[in-house]
There are 2 protein chains.
Amino acid sequence: MYRTHKNGELRIEHVGQEVTLCGWVQTIRDKGFMIWIDLRDRYGITQLMFNQDVSSSELMEAAKSVGREFVVKATGKVIERSSKTDKIPTGDIEVEVTSFEILNASITPPFTIEDESDGGDELRLKYRYLDIRRTPVREKLIFRSKLALETRKYLIGDDFVEVETPFLIKSTPEGARDFVVPSRMNPGQFYALPQSPQTFKQILMVAGMDKYFQIVKCFRDEDLRADRQPEFTQIDCEMAFVTQDDILNTFEGLTKHLFKTTLDVDLGDFPRMNYDEAMSRYGSDKPDTRFGMEFVELTDIAKGKGFPVFDAAEIVVGICAEGQAESYSNKDIKKLTEWMQRPQIGAKGMINVKVNADGTFKSSVDKFFDADALKTWAEKFDAKPGDLLLIMAGETDKTRKQLNELRLEMGNRMELRDPMNFKPLWVLDFPLLEWDEDSNRFHAMHHPFTSPKKADVERMLNGDHETMKALRADAYDLVINGVEIGGGSIRIHDRALQARNFKLLGFTDEEAEDQFGFLMGAFEYGAPPHGGIAFGFDRLCSVMNGVTSIRDFIAFPKNNQGRDTMIDAPSLIHDEQYDELFLKSTAEVAAE
Amino acid sequence: MYRTHKNGELRIEHVGQEVTLCGWVQTIRDKGFMIWIDLRDRYGITQLMFNQDVSSSELMEAAKSVGREFVVKATGKVIERSSKTDKIPTGDIEVEVTSFEILNASITPPFTIEDESDGGDELRLKYRYLDIRRTPVREKLIFRSKLALETRKYLIGDDFVEVETPFLIKSTPEGARDFVVPSRMNPGQFYALPQSPQTFKQILMVAGMDKYFQIVKCFRDEDLRADRQPEFTQIDCEMAFVTQDDILNTFEGLTKHLFKTTLDVDLGDFPRMNYDEAMSRYGSDKPDTRFGMEFVELTDIAKGKGFPVFDAAEIVVGICAEGQAESYSNKDIKKLTEWMQRPQIGAKGMINVKVNADGTFKSSVDKFFDADALKTWAEKFDAKPGDLLLIMAGETDKTRKQLNELRLEMGNRMELRDPMNFKPLWVLDFPLLEWDEDSNRFHAMHHPFTSPKKADVERMLNGDHETMKALRADAYDLVINGVEIGGGSIRIHDRALQARNFKLLGFTDEEAEDQFGFLMGAFEYGAPPHGGIAFGFDRLCSVMNGVTSIRDFIAFPKNNQGRDTMIDAPSLIHDEQYDELFLKSTAEVAAE
């Protein structure tokens, strides 16, 4: 046996006991006649004490010989500390060491193992085993493990069955790019790694599994934007004989359970808002509802007054930044306008109106709008003296999108976005199809298996092109603090409707049959109505911890080039491997 | 809302309630004036009743129009049945239908959805969604889900952390063949899918995670023997600061918990037996201990008596089949001998001795051994009148292996291998290395990261070739009913010892560094002593259910050619995919 206790558990009531501890040397304080070592493991830190009055000189020498991150085993008696600390739970005691063994040495780590010392992204990834020794990283991985267990307990308690779907499936060029896996036994053929278990979970509904879930790895071979990973984890779910409401209620229950059991946070009931409303109130399908500053439209009262920018605009819309009038000098406003004009946002300009303390107005459009006009604006905004109105105009979708960015930025500046203040929201009734000008065809807003709303089925089967743009789906997203946690939909379970959807999405009959024939075939054998949802598990972890990066919730993430720099993958393979797989490389450097 | 109840829950106390049910039409009995439909879902079967005295003719017509596997929704009143059945839990009631809707039709399935009707392996895989509707298949998947949850609850309750390790890792030609994944972003380079998370879990120990587990998919591109799958699932675990005993105790606890919570079976404490003993008592490193019939060696007393077969043999060893003397005619013995002589077993011959009811003997070697000699044999076997001794001779390892097959066969014939009688066993102290004549080098008996026993470390570092053959490892298997459920070992945590092991296994320094440099590097930064184990999860499911095939515990298994015939994967990919991946095919048929 290596140890009697972990390093986080000894307390004053253990005084007098002989214990054996193992762990890593965190710090060493050597006063010559006395030596203290902070011994660390996953569970905490315990102070070891060596005293030349009671310890042999060999023991003192051994203690002096260790360095940071050495792995040691120490036996001794628990004693009360003379100078206690409440910084650590074991701060009342220390262990007077009587026997000491170095289990393994350590060379000097490239960064110290402390909460605030991480040596930068590249070093962290290369020496991930040292990075994970740091408490903030380790605790995130432990949180993830707990969250997964609570998810499973809740869903299985609600009659869900966790079913593992296959990883070696079929490549379907629709959607994102697949990772493919050459098949040695089937020359010239490839498996694909799943982008999601979508078709399999629907097949499980046809199979009568009734309630399915899985916490599962998914794969997308996309160019990696910051904080995207080629492999990521989903809580993937599907239910039969359900309406949208059944699904929302189930996963609202799950989400509440997760917040309660891991964070002790009561979320209350989640507001629900349809897509159109979210777009008009927030300019976003994932509004951050931790703060107000909702959009106010002035189109009716601001157009046709001779201001060319407004007169040419489809929409005039703004936000009211409470109490910010005096905080923003003309120079500040100019800077903010320039921030909005960066290519990432692409606004042309921005109008501002300050409601002065005396009730007068100061605006950048004084030439076109007098005090009375501005007063009607202020009334629309419900603005009070000291408030700052920020107004934009232009094409509706684009303008709303830009104003959404401004709203979020003002929310940040005004410190209205406390990461640990959780505001969930269901966004409902997404459009079924999006018209894409570039490819001159419809794209599925959610995915090709999403059903139109029942009332829209007839219109979808028989309507004209314009009708298709107006179709709404029983599709929904769960948004928390402006972050999309998950989304889902009621699915098509009828072969003819599914075929119609594939056609609208630009599939030929042959392509649809080749790629999804098995699903449409399954629909002929008694497919029940069904629907589901998937949560981004990495994202859920990060939002629940109030951080924006998902990386630290992934034990071994890839860098932006898709590389694991610790193990140095991907890498070259051998000629024999190419031969067995019936492949040749056309890359400049290939094969070992 | 689609339904108020599931089809397994209505009882006599629901009589009088109006309910709505959904499900699949299992059977229809049409008496003209009355129609009964058995409605099925995952939870059970409820009988619907249509009565022309109370139902409209439209309702009667609707009921008559459905066929097997139609998906329907029915509303009606729960009434007491006139003829009750205790075959199903809802057998006391039926639902008098007042409203009826066909939610989806079904064409005639290729096999009926009944416990005993599966249409054969090919059809089952192609129409897996129909196969899973059958109770025996569905229940196996539900069992698997429960077993996984209980595993997680137990291990997380014991401070284990479930950490997801990556699926896109590095190809290492050691061991089985990897599935590889071409990297688009790193031309000419490939990821590999993990055969196990072995190196990552060891890295997590270096990272201080202390107790790790994961229920995880693993991948091996091997030619598929019966009941092997290219993707399979492991309960994968690793612990730091542990001895072999700590690991055995932990996972014995887990196994007991799983049997208790899912089957209500108390396993008791697991016997432990070392490898050498298992080989000499059972001729197998995974003995079936549900029955005795242990090996008895006659070498000392049977050699040198003039029987050439024995005299030339390294070992003479046999089993005693209790009470079988009279059941085996000469013809039966001949058949059994021929069974042993099949190429799969390859025995040269077999000696038999019958202990007659009167205490005399009848043997196939009467010429060489008189009654006194045979009596000493019988005493060694502790044989009683009526017993049959079956004896083999030859080279030790080969003979034991063959006799093991015979023992298992006799166990089957004598019905001593009740699949629901569970006998676990730890097999310990496996050899570290196996000498392979063909490749003229050592192979790792467990894997290249297994540590020799502490007492053998010095001999391993400095010993000669013969010494290496005698090295023992802290390596262990859990065997239940003769099936290997899992195995593990204490690992090397010292760079020099790991380097020595790679050298013995035929790695050049460059190969070792290239493939496992990251692990040996990690060992330099304070690697703790550690060890672990992995259970075959599919296999565990099958053994716990007393069946030999793992296939039905896998929702969507591949066939023996590695194909998923339902979705038709693997399949051809597009030229653009080849181009993006810097690949060309050399197969005769390639690209769509």
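Worth saying up front: this structure is predicted, and the values here are computed from it rather than measured. Residue numbering restarts at 1 for every chain, and letters A, B, ... go by the order of the sequence lines.
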Heavy-atom pairs under 4.5 Å with chain B, option from A:Ala240, A:Pro109, A:Gly526 with the top count: A:Gly526
Derivation of the side-chain contact (heavy atoms from CB on, under 4.5 Å) call for B:Tyr191 and A:Asp564: CA-CA 10 Å; B:Tyr191 302 100; A:Asp564 181 328; over 6 Å; no
Which atoms of B:Thr108 approach chain A - backbone, side chain, both or neither, heavy atom under 4.5 Å: backbone
Chain B interface, residue from A:Gly521, A:Ala555, A:Pro166 that has the most non-hydrogen pairs under 4.5 Å: A:Pro166
B:Lys217 (side chain) donor-acceptor with A:Glu164 (main chain) under 3.5 angstrom: no
Heavy-atom contact with chain A under 4.5 Å, split by part of B:Ala105: backbone
Region of A:Val137 that comes under 4.5 Å of a non-hydrogen atom in chain B: neither
Test log, rule side-chain hydrogen bond (donor to acceptor under 3.5 Å, both in side chains), inputs A:Ser106 and B:Glu524: CA-CA 5 Å; A:Ser106 174; B:Glu524 296 189 303; over 6 Å; no
B:Lys584 backbone acceptor or donor facing A:Lys584 side chain under 3.5 Å: no
Check: B:Tyr127 ring centre within less than 6.0 Å of A:Tyr525 ring centre: yes
Under 4.5 Å from any heavy atom of chain A - which part of B:Asp245: neither
Side-chain touch A:Leu581/B:Val180, heavy atoms, less than 4.5 angstrom: yes
A:Met185 to B:Gly562 - nearest heavy-atom pair and separation: CE-N, 4.0 Å
When B:Asp579, B:Asn186, B:Ile567 are compared by non-hydrogen pairs under 4.5 Å with chain A, the top option: B:Ile567
Which portion of B:Glu580 sits near chain A, non-hydrogen atoms under 4.5 angstrom: side chain
Side-chain heavy atoms of A:Leu583 within contact of B:Tyr578, under 4.5 Å: yes
Atom group of A:Val163 that falls short of 4.5 Å from chain B, counting heavy atoms: side chain
Side chain to side chain contact (heavy atoms under 4.5 Å, CB included) involving B:Ile102 - partner list, sequence neighbours excluded: B:Ser65, B:Val66, B:Phe70, B:Val72, B:Phe100
Residue part contacting chain A, namely of B:Asp221, when any heavy atom lies under 4.5 Å: both
Any A:Tyr2 side-chain heavy atom under 4.5 Å of B:Pro529 side chain: yes
Segment of B:Phe537 engaging chain A (4.5 angstrom heavy-atom cut-off): side chain
B:Thr586 side-chain N/O to A:Phe582 backbone N/O, donor-acceptor pair under 3.5 Å: yes
Residue among B:Phe523, B:Phe518, B:Phe190 with most heavy-atom pairs under 4.5 Å to chain A: B:Phe190
Residue B:Met566 versus chain A: region with a heavy atom under 4.5 Å: both
Region of B:Ile113 in contact with chain A, defined by heavy-atom distances below 4.5 Å: neither
Worked verdict on A:Lys211 versus B:Arg42 for side-chain contact (heavy atoms from CB on, under 4.5 Å): CA-CA 9 Å; A:Lys211 290 174 158 188; B:Arg42 186 186 117 198; 4.0 Å; yes
Side chain to side chain contact (heavy atoms under 4.5 Å, CB included) against A:Lys153, all qualifying residues, sequence neighbours excluded: A:Leu149, A:Glu150, B:Leu149, B:Lys153
Nearest heavy-atom neighbours spanning B:Ala587 and A:Pro187: CB-C, 3.8 Å
For chain A, the option from B:Gly23, B:Ala148, B:Pro528 that forms the most heavy-atom pairs under 4.5 Å: B:Pro528
Between A:Asp159, A:Ile554, A:Ile215, the one whose heavy-atom pairs under 4.5 Å with chain B are most numerous: A:Asp159
Which portion of A:Leu519 sits near chain B, non-hydrogen atoms under 4.5 angstrom: neither
Side-chain ion pair, A:Glu162 and B:Arg144, N-O less than 4.0 Å: no
B:Leu130 portion near chain A, given a 4.5 angstrom heavy-atom threshold: side chain
Top contributor to chain A contacts, counting heavy-atom pairs under 4.5 Å, from B:Phe160, B:Phe219, B:Tyr129: B:Tyr129
Heavy-atom contact with chain A under 4.5 Å, split by part of B:Thr165: both
A:Ser183, part contacting chain B, at a heavy-atom distance under 4.5 Å: side chain
Segment of A:Lys146 engaging chain B (4.5 angstrom heavy-atom cut-off): neither
Taking every non-hydrogen atom, the tightest pair across B:Val161 and A:Ser145: CG1-CB, 3.5 Å
Main-chain N/O of A:Ala527 paired with B:Asn104 side-chain donor or acceptor, under 3.5 Å: yes
Selection from B:Ile107, B:Asp41, B:Thr243, B:Ile132 maximising heavy-atom pairs under 4.5 Å formed with chain A: B:Ile107
Test side chain to side chain contact (heavy atoms under 4.5 Å, CB included) applied to B:Thr20 - qualifying residues, sequence neighbours left out: B:Thr4, B:Lys73, B:Thr75
Per-residue contact mode, B:Ile156 against chain A (heavy atom under 4.5 angstrom): side chain
Polar side-chain atom of B:Lys558 near backbone of A:Leu168 as donor-acceptor pair, under 3.5 Å: yes
A:Asp246 side chain to B:Met1 backbone, donor-acceptor under 3.5 Å: no
Side-chain donor/acceptor of B:Lys170 to backbone N/O of A:Ala569, under 3.5 Å: no
Salt bridge B:Asp223-A:Arg184, side-chain N to carboxylate O under 4.0 Å: yes
Engaged part of B:Ala192 at the chain A interface, taking heavy atoms whose separation is under 4.5 Å: neither
For A:Pro182 against B:Phe179, the heavy-atom pair lying closest together: O-CD2, 4.4 Å
Which portion of A:Arg152 sits near chain B, non-hydrogen atoms under 4.5 angstrom: both
Contacting region of A:Asp568 [heavy-atom separation from chain B under 4.5 Å]: both
Neighbours of chain B found in residues 200-210 of chain A - heavy atoms under 4.5 Å: A:Phe200, A:Ile203, A:Leu204, A:Met205, A:Val206, A:Ala207, A:Gly208, A:Met209, A:Asp210
Best-contacting candidate, A:Arg563, A:Arg68, A:Gln214, A:Arg138, against chain B by heavy atom pairs under 4.5 angstrom: A:Arg563
Evaluation steps, side-chain contact (heavy atoms from CB on, under 4.5 Å), between B:Ile169 and A:Phe556: CA-CA 10 Å; B:Ile169 66 166; A:Phe556 301 100; over 6 Å; no
Side-chain H-bond candidate by donor/acceptor type, A:Ser171 with B:Gln577, under 3.5 Å: yes
